[in-house]
Number of protein chains: 2
Amino acid sequence: MTIMISAQPVEIPGMLEARGISATRQRREIARVLLGKAQHVTAEQLMDELALHGQAISKATVYNTLKLFVDKGLLREVHVDATRTVYDTTTTPHHHFYNADSGQLSDIPLEEVAITALPNPPEGTVSEGVDVIVRIRNR
Amino acid sequence: MTIMISAQPVEIPGMLEARGISATRQRREIARVLLGKAQHVTAEQLMDELALHGQAISKATVYNTLKLFVDKGLLREVHVDATRTVYDTTTTPHHHFYNADSGQLSDIPLEEVAITALPNPPEGTVSEGVDVIVRIRNR
DNA sequence: TTAATTGCAAACATTTTGCAGGTTC
DNA sequence: GAACCTGCAAAATGTTTGCAATTAA
């Protein structure tokens, strides 16, 4: 049996510091689990995942950290379901399929959607971005 | 002072029955407040509005009725904010501006958005529709 | 008169908060 | 050692549920 003590890449603390996030143990752990691969995760799924690896982190800290990572541009929130917030590790602009049957989200690369007409934002406002959600259902 | 007792159009009960909804007092009242004009309303706003007209309806019934109206195609749910469900009285396909500062939603008519490329839905799924949300911010 | 509907209060689920104790620089 | 961070438990929010009383067909 192999015992893995802190098998995290050296890059993680650096990546956090680069965003002005001090790299505490909990934040490194969450970064290791979440970042580095494209995925959509809820707070609960993250807590389960952490617990599975014997790295349980309190609810408060998980929520604090998710919010911090969103503020610092490491994560994006996606709202498709009224009940929970999904955190998306892909922070560059892109779109989503949302499977209404399974609740699953999947990414659509930006270049696969072409929007050739859009109205101007109302007076006094500026556009921050466009989200396209293609609602799908199992056949 | 004018006392208005049940100043609702005759059409409402008919509109409800046409959808297989029996027209109870509460449902007629909610239909009267909501339907017939394009708007975006939360459950709480609806309850406040009803209370304001001396027609308070219990939370359970408001939620039951909103869900019923959605099932029967009189309303659409919109999810832009993690915390609450917004009910949209416009049930035909269209898109939205979402003001992240004020939380305000506004409609974009279908024809003002042109999408000229979209990927095919994943194997085993079919598309149910496309929602475009233009996130805006006060200048 | 039988089934459907309502309303209350309690239950739920997710997220936030207050604060005491720990950690970091 | 000062500021920041964590974790617990409790609070807050929005929504749902169980069930007895009421209303509708």
Side-chain angles (χ1 to χ4, degrees), chain A residues 6 12-14 16-33 40-51 54-72 74-87 103 105, chain B residues 6 8 12-14 16-33 40-51 54-72 74-88 103 105:
Chain A
S6 176
I12 287 181
L16 296 177
E17 306 286 3
R19 304 263 179 171
I21 300 169
S22 64
T24 65
R25 182 181 66 75
Q26 290 83 345
R27 291 168 180 178
R28 275 182 273 128
E29 204 53 46
I30 291 174
R32 190 166 69 79
V33 169
H40 304 99
V41 174
T42 64
E44 195 183 11
Q45 289 169 346
L46 172 57
M47 293 186 63
D48 290 350
E49 180 71 19
L50 289 163
Q55 298 286 348
I57 295 175
S58 80
K59 207 189 289 191
T61 299
V62 166
Y63 278 102
N64 283 342
T65 302
L66 287 171
K67 185 179 292 176
L68 180 67
F69 283 11
V70 169
D71 281 356
K72 300 300 185 177
L74 290 175
L75 290 176
R76 265 182 52 171
E77 293 183 348
V78 184
H79 304 297
V80 268
D81 182 308
T83 56
R84 63 257 250 68
T85 300
V86 175
Y87 295 87
L105 267 180
Chain B
S6 179
Q8 51 188 244
I12 287 182
L16 295 178
E17 306 285 2
R19 303 264 179 170
I21 300 170
S22 63
T24 64
R25 181 180 67 76
Q26 290 84 342
R27 291 170 180 176
R28 273 182 273 129
E29 205 53 46
I30 291 175
R32 190 165 71 79
V33 170
H40 302 100
V41 175
T42 63
E44 195 182 13
Q45 288 168 345
L46 172 57
M47 293 186 65
D48 290 350
E49 182 69 19
L50 290 163
Q55 297 286 347
I57 294 176
S58 79
K59 204 188 289 191
T61 298
V62 166
Y63 278 103
N64 282 342
T65 303
L66 288 171
K67 186 178 294 177
L68 180 67
F69 282 11
V70 168
D71 282 355
K72 301 299 186 178
L74 291 173
L75 291 176
R76 265 183 51 172
E77 293 183 349
V78 184
H79 304 296
V80 267
D81 181 309
T83 56
R84 61 260 248 62
T85 299
V86 176
Y87 295 87
D88 189 340
L105 268 180

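All chains are named by letter (A, B, ...) in the order of the sequence lines, taking the proteins before the strands, and each is independently numbered beginning at 1. Any value given below was found using the heavy atoms of this structure, including those in side chains, with hydrogens, waters and symmetry copies removed. Just so we're clear, the structure is a prediction, and the values are computed from it rather than from any experiment.
Nearest-nucleotide mapping onto DNA chain D: of B/T85 and B/T24, the residue sitting toward the 5' end is B/T85. Between B/S22 and B/A43, it is B/A43 whose nearest contact on DNA chain D lies nearer the 5' terminus.
Not counting sequence neighbours, the partners of B/T61 by the side chain to side chain donor-acceptor pair (under 3.5 Å) test are B/S58. In this structure, the side-chain contact (heavy atoms from CB on, under 4.5 Å) partners of A/L68, at least two apart in sequence or on a different chain, are A/I21, A/R27, A/K72. A search for side-chain contact (heavy atoms from CB on, under 4.5 Å) contacts involving B/N64 returns nothing, not counting sequence neighbours. With sequence neighbours left out, the side-chain contact (heavy atoms from CB on, under 4.5 Å) criterion links B/V33 to B/L46, B/E49, B/L50. Remark: B/D81 pairs with B/T83, B/R84, B/Y98 by the side-chain contact (heavy atoms from CB on, under 4.5 Å) rule, at least two apart or across chains. Every residue was checked against the ring-ring contact (aromatic ring centres under 6.0 Å, His included) condition with B/H79, not counting sequence neighbours, and none meets it.
Regarding B/R84, its CZ atom lies at a distance of 15 Å from the C1' atom of C/dT14, rounded to whole Å. A straight line from CD of B/Q55 to P of C/dG7 spans 11 Å, rounded to a whole angstrom. Separating the CG atom of A/L66 from the P atom of C/dT14 is a distance of 14 Å, rounded to the nearest angstrom. If you take CZ of B/F69 and C1' of C/dT5, they are 13 Å apart, rounded to a whole angstrom. In this structure, CG of A/L68 is placed 16 Å from C1' of C/dT16, rounded to the nearest angstrom. Remark: C1' of C/dT14 and CE of A/M47 are 12 Å apart, rounded to the nearest angstrom. The nearest whole Å value for the distance from the CG atom in B/D81 to the P atom in C/dT16 is 11 Å.
Between B/R28 and B/P13, the shortest heavy-atom contact is CD-CG, 3.8 Å. Across all non-hydrogen atoms, the minimal contact from B/V62 to B/A43 is CG1-O, 4.2 Å.
The one candidate from B/I12, B/L16, B/L74, B/I57 that meets the side chain to side chain contact (heavy atoms under 4.5 Å, CB included) condition with B/I30 is B/I57.
A/M47 contributes atom CE, which lies 8.5 Å from atom CD of A/E44 (distance to the nearest 0.5 angstrom).
From the 5' end on, the contacts that DNA chain D makes with chain A at under 4.0 Å to a non-hydrogen atom open and close at D/dC5 to D/dC8.
The backbone N or O of B/G14 sits nowhere less than 3.5 Å from a side-chain atom of B/E17 that would complete a donor-acceptor pair.
At a non-hydrogen distance threshold of 4.0 Å, A/I57, A/S58, A/A60, A/T61 from residues 56-64 of chain A come into contact with DNA chain D.
Computed from C1' positions of five pairs at each end, the angle between the two local axes of the helix from C/dT1-D/dA25 to C/dC25-D/dG1 equals 30°, rounded to 10 degrees.
Contact check, B/Q26 against C/dG7: a side-chain N or O comes under 4.0 Å of OP1 or OP2.
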